[in-house]
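Structure, as structure tokens:
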Amino acid sequence: MTQVFKKVNKQWNLHAPQVLKTAARNMYYNFSALSRKGKKLWKKTIWPVLEPFFGVPEGSAAQKRKDARGAKKKKKRPNDFRDEDEF
């Protein structure tokens with residue numbers, strides 16, 4: 001899908017009039033800004049009202065922290081190979 005998007009985007013940038021290219025960039029920016037504001041609205045105002053009705057399990061915050069710690073441990077890479085010479 002990304003390859004198709006890249007090819008179409010390349011053709012668009014080659015052949016589309018400058019006015020349309022500018023309008024498309026503006027629309028992309030405006031929609032992404034709306035998306036960010038919508039996510040913020042959902043997280044701050046709508047979800048806290050709906051959360052009790054959907055029954056988020058107790059202790060989910062502790063599980064979230066535990067998962068984050070586990071992911072942090074997995075991300076660390078050993079740096080031993082940088083100190084030793086192979087030759």
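These values consider heavy atoms only, across backbone and side chains, with no hydrogens, waters or symmetry-generated copies. Please read these numbers as outputs of a predicted model, since none were measured by experiment.
Residue Arg69 holds its CZ atom at 13.5 Å from NZ of Lys64, rounded to the nearest 0.5 Å. To the nearest 0.5 Å, the span separating CG on Leu20 from CE on Met27 amounts to 9.5 Å.
Residues Leu41 and Val49 do not share a hydrophobic cluster, clusters being chains of Ile/Leu/Val/Met/Phe/Trp/Tyr side chains in contact below 4.5 Å. Note on Leu34: it does not cluster hydrophobically with Tyr28, by side-chain heavy-atom contacts below 4.5 Å among ILVMFWY residues.
Inter-residue side-chain proximity for Leu50 and Trp42 is flagged as met; some heavy-atom pair is nearer than 4.5 Å. Side-chain contact between Gln11 and Lys7 is absent, with no heavy-atom pair separated by less than 4.5 Å.
Surrounding CD of Gln63 are more than 12 heavy atoms belonging to other residues, nucleotides or ligands, all under 6.0 Å away. Within 6.0 Å of the NZ atom in Lys66, the count of heavy atoms belonging to other residues, nucleotides or ligands does not exceed 12.
In this structure, the side chain of Lys21 does not engage the main chain of Trp12 through any donor-acceptor pair within 3.5 Å. Under the 3.5 Å distance criterion, the side-chain polar atoms of Asn9 are left unmatched by any main-chain donor or acceptor of Phe5.
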